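All of these numbers come straight from a predicted model, not from anything done at the bench. Throughout, a chain's letter reflects where its sequence line sits, starting with A, and its residues are numbered from 1.
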Amino acid sequence: MLRDQIQEIISAAVDAAKSAGELPDVPIAPPAIERPKQAEHGDFSTNIALVTTAAVKQATGEKANPRQIAQAIVGHIPVDGLVGAVELAGPGFINIRLSQQFLQTQVRAIIDAGDTLGSIDRGAGQRWQVEFVSANPTGPLHYGGARNAVLGDALASVLTAAGYEVEREFYVNDAGNQFDLFVQSLYARYLQLHGQEATIPEGGYNGAYMLDYARQIQAEVGDRYLTIPRFEALQEMRAKGRAIVLADLQDELGLIGVKFDRWFSEKSLYDEGLVEQVLSDLTETGDIGEWDGARWFLASKYPKNEKDEVVVRTNGMPTYFASDIAYHYDKFVRRGFDRVVNVWAVDHQGHVPRMGAIMAALGLEPERLVIVLYNLVKLIRDGQEVKMSKRSGDFLTLREVAEEVGADAVRFLLLTRSPESGVDFDMDLAVAQKNDNPVYYVQYGHARICSILEKAAGEGMPTAAQPQPGDADALALLVHPAELDLVRKILELEEQIDFAVEKLSPHNLTHYALDLARTFSSFYEQCRVVDGDQPALTRARLLLSLAARTALARVLGLMGMAAPESM
RNA sequence: GCGCCCGUAGCUCAGUGGAUAGAGCGUUGGCUUGCGGAGCCAAAAGUCGUAGGUUCAAAUCCUACCGGGCGUACCA
């Protein structure tokens, strides 16, 4: 990364100053390189002199002057190539400005990077899994699930851009209570379709969509399930119901552009005996014991856990937690992911400590499992919170929101917030403001550039993507502040990607995308691109416009949004 | 009660110990005859919940308190 190069330059300058005897030879941490808030403070700044002052004071007991120290370091920073200017400012900050020539030459590099623009090698050689959504397969996703989908998907994209090999996984809870209730509810609906008396079980699923599902089954099997015993009918319906609900979920997630590499079945863990195997392994290691007629995982042996957890109930039925242990064994031991990121709503926070206990019991480094918690989405109507219930069928689905507000607008809306911030979602307001969504500003910038490039092509100019002999000379004409600022802004993308990975949250991308679009607009207002009287400058600005389009398309792609050529 | 998270402009939210705390929406005023006005420029708008502490430097770290959300199942 560019920032790393700057850091190396500063480090080298510190060493050189020490060798020259201009700095006392005390240990100094690697300099922190920051992006100043204000443009006058340059492209990068470092507080190394202030930090060094403290280090010198501690080592020698003598008071040092931070500005003097800064001056000594500045004297050893070469001004050539990358660095255009170095300034000493304020109490002892060192501000660095990128050279004009460097910025100009980056334009072609940006274009050539294309859809790998901003990629970094932070995760090279690392295989990560992002498991997200993983909603119960009992019906359409509600709106809160959309936040999970948007967050997990963008996170996976950003990790990929940072060099990790990433798999997106949806854990299908097709074993256990909720799925049983779903199948029984489905069976009841099926019977009702055939005019038979049937009631939805206590705690079952009443939503209207269940009738649609039942009709699909009816269309497939006719009245076959009336002719075979209930037990067998339910058995078959498990598979059919599963296929139908997964198809529905897949379709719904597809509306906001989310695709999974793998849909992992909880039931498969039982079918192949992995749950039983892992439970018996842990019994041997003393992590699972039996009392009060149940089998328990001794979580309290491990830090941050106060209680033990039931894995097999008194009635002999395993809990969700039992398969969760086997599932994570599968992820780490069998499939060998270096790291797994689970995206959970904050109401599952109580599980976090016991997941740490699982890792410890399985002999795995706890940091290999990361849980990203995001806050809940509250639905507001007429200023009041609306409680949603999947069982009663009274809930706002992701599909409804995506259709009414627009997929990209929904993604943007949910992605701008940091995960820990709660979201109050007012559907009426969202619909009313849907054309004011900031995502359209970003997309508009992209479409506008496409239009400019098309106009240039229409006037017989060579395409910007195709290198021309005089390009290097033409790019040297980019000296307007708005032109250089645009290049600067594009070059920030890699740091934004790095930051998103560092924080395991891609929400900064939305702010960056807006910033980038604004920077392009500013260039567009101040610098006419296509000008027949100035062919070389036109060429340079076409290249810069293409670079901006590349960056806009890239960041929109990372966020899972379209980059339209017209709108 | 205990644990985790949040409190920043009218609203919704960003903000990596650093220099004058930002954006979108809303409000007010201006920009027609040049590549897309879904745009641009400008203005008003802040006790960063409160009080202490650490630091050369705190919205950011620590402590207490106030307000809100979530959790504290042989549910998932």
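For S451(A), taking side-chain heavy atoms from C-beta onward, the closest of the listed nucleotides A14(B), U16(B), G36(B) is G36(B). In the set C74(B), G18(B), G24(B), the nucleotide with an atom closest to the side chain of E34(A) is G18(B). When each of G34(B), C13(B), G18(B) is scored by its nearest atom to the side-chain atoms of R528(A), the top-ranked nucleotide is G34(B). Minimum atom distance to the side chain of R313(A) is reached by C74(B), of the listed A38(B), C74(B), G39(B). Across C75(B), G36(B), G18(B), the shortest atom-to-atom separation from the side chain of A447(A) is found for G36(B). Distance from the side chain of E525(A) is smallest for C40(B) among the nucleotides A19(B), C74(B), C40(B). Taking every side-chain heavy atom of E420(A) into account, C5(B) is the closest of C13(B), C35(B), C5(B). Distances were taken from every side-chain heavy atom of S421(A) (C-beta onward) to each of G36(B), A14(B), A38(B); the shortest belongs to A14(B). Of the listed nucleotides (C70(B), C40(B), C74(B)), C70(B) has the atom at the smallest distance from the side chain of D347(A). Closest to the S521(A) side chain, of the nucleotides A19(B), G39(B), C74(B), is G39(B).
Among the heavy atoms of the strands lying under 4.0 Å from E565(A) is at least one base atom, whether or not backbone atoms are also near. Residue E40(A) is classed as a base contact, given a heavy-atom separation below 4.0 Å to a base. Residue contacts for K378(A): at a heavy-atom cut-off of 4.0 Å it reaches no nucleic acid atom on any strand shown. Counting any heavy atom pair closer than 4.0 Å across all strands shown, V346(A) reaches sugar-phosphate atoms only and no base atom. Contact annotation for D424(A): backbone-only contact, meaning every heavy-atom pair under 4.0 Å involves sugar-phosphate atoms and none involves a base. Heavy atoms of D308(A) sit nowhere under 4.0 angstrom from any nucleic acid atom. C527(A) comes within 4.0 angstrom of a base, heavy atoms only. In this structure, Y444(A) reaches the bases: a heavy-atom distance under 4.0 Å links it to at least one base atom across the strands shown. In this structure, E309(A) reaches neither bases nor backbone, as no heavy-atom distance under 4.0 Å exists between it and the strands shown. Across all strands, S566(A) comes closer than 4.0 Å to base atoms (heavy-atom distances). M317(A) comes within 4.0 angstrom of nothing in the nucleic acid, heavy atoms only. Here H507(A) lies in heavy-atom contact (under 4.0 Å) with sugar-phosphate atoms only. Among the protein residues, H511(A) comes within range of the sugar-phosphate backbone only, with heavy atoms under 4.0 Å from sugar or phosphate atoms but none that close to a base. Here Y524(A) lies in heavy-atom contact (under 4.0 Å) with a base.
In this structure, the aromatic ring of F93(A) is not positioned over the six-membered ring of the base of G18(B) within 5.5 Å between centres and 30° between planes.
A distance of about 14 Å separates the P atoms of U20(B) and A57(B), rounded to the whole Å. With C1' as the reference atom, C48(B) and A42(B) are 26 Å apart, rounded to whole Å. Here, G69(B) and U54(B) have their C1' atoms 30 Å apart, quoted to the whole Å. Rounded to whole Å, the C1' atom of G17(B) lies 12 Å from the corresponding atom of C56(B). Distance check on atom C1': C25(B) versus A58(B) gives 30 Å, rounded to whole Å. Spacing between C13(B) and G18(B) at atom P, rounded to whole Å, works out to 24 Å.
Here D180(A) pairs with R238(A) in a salt bridge; the nearest charged N to carboxylate O distance falls below 4.0 Å.
Each of R448(A) and P438(A) was matched to the nucleotide of RNA chain B holding its nearest heavy atom; the match closer to the 5' end belongs to P438(A). Taking the nucleotide of RNA chain B with the nearest heavy atom to each of R35(A) and F523(A), the more 5' of the two is matched to R35(A).
The nucleotide G34(B) finds no pairing partner, because no Watson-Crick or G-U wobble arrangement with both distances shorter than 3.5 Å includes it. Base pairing of G52(B) is made with C62(B), judged by Watson-Crick or G-U wobble geometry with both donor-acceptor distances under 3.5 Å. The base-pairing partner of C4(B), taking Watson-Crick or G-U wobble contacts with both distances under 3.5 Å, is G69(B).
One N or O donor and one acceptor, one from the side chain of S45(A) and one from the base of A19(B), sit under 3.5 Å apart. If you check distances only, the side chain of N47(A) never reaches the base of A19(B) with a donor-acceptor pair under 3.5 Å. In the interface, the side chain of Q349(A) is paired with the base of G3(B) through a donor and an acceptor atom under 3.5 Å apart. If you check distances only, the side chain of T314(A) does reach the base of C74(B) with a donor-acceptor pair under 3.5 Å.
Per the geometry, CG belonging to L414(A) stands 15 Å off C1' belonging to G24(B), to the nearest Å. One can place CG of L413(A) at 16 Å from P of G24(B), the figure rounded to the nearest angstrom. Atom-to-atom, CD of Q433(A) to P of A23(B) comes out at 18 Å; the value is rounded to the nearest Å. Whole-Å rounding puts the I69(A) CD1 to C56(B) P distance at 15 Å. The distance from atom NZ of K307(A) to atom C1' of C74(B) is 11 Å, rounded to the nearest whole Å. Between D485(A) atom CG and C40(B) atom C1' the separation is 16 Å, expressed in whole Å. Distance CZ (R417(A)) to C1' (A14(B)): 11 Å, rounded to an integer number of Å. In this structure, I94(A) places its CD1 atom 17 Å from P of A19(B), rounding to the nearest Å.
Proximity of a side-chain donor or acceptor of N148(A) to a complementary backbone N or O of V343(A) within less than 3.5 Å is detected. Judged purely by atom type and a 3.5 angstrom limit, R295(A) has no side-chain atom pairing as donor or acceptor with the backbone of V310(A). Looking at R549(A), its side chain never comes within 3.5 Å of a backbone N or O of C450(A) through a donor-acceptor pair. With D436(A) contributing its side chain and K434(A) its backbone, the two residues share no donor-acceptor pair below 3.5 Å.
Applying the 4.0 Å criterion to OP1 and OP2 of G18(B), one finds that K37(A) has every side-chain N and O outside that range. Between U12(B) and T416(A), no contact under 4.0 Å exists linking OP1 or OP2 to a side-chain N or O. Taking 4.0 angstrom as the limit, Y440(A) places none of its side-chain polar atoms (N or O) nearer than this to OP1 or OP2 of G37(B). Not one side-chain nitrogen or oxygen of R518(A) sits closer than 4.0 Å to the OP1 or OP2 atom of G39(B).
F297(A) and Y302(A) have parallel rings, their planes meeting at less than 30° on a 0 to 90° scale where 60° marks the start of perpendicular.
A cation-pi arrangement is found for R448(A) relative to Y524(A), the charged atom lying closer than 6.0 Å to the ring centre and inside a 45° cone about the ring normal.
For the pair P137(A)/L246(A), a side-chain contact is recorded, criterion being any heavy-atom separation below 4.5 Å from C-beta on. In this structure the side chain of R539(A) never reaches within 4.5 angstrom of the side chain of M461(A), judged on heavy atoms.
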Starting from the C-alpha separation in whole Å, work towards a yes-or-no answer on ring-ring contact (aromatic ring centres under 6.0 Å, His included) for Y441(A) and Y444(A).
-> CA-CA 5 Å; Y441(A) 179 75; Y444(A) 180 74; 7.5 Å; no
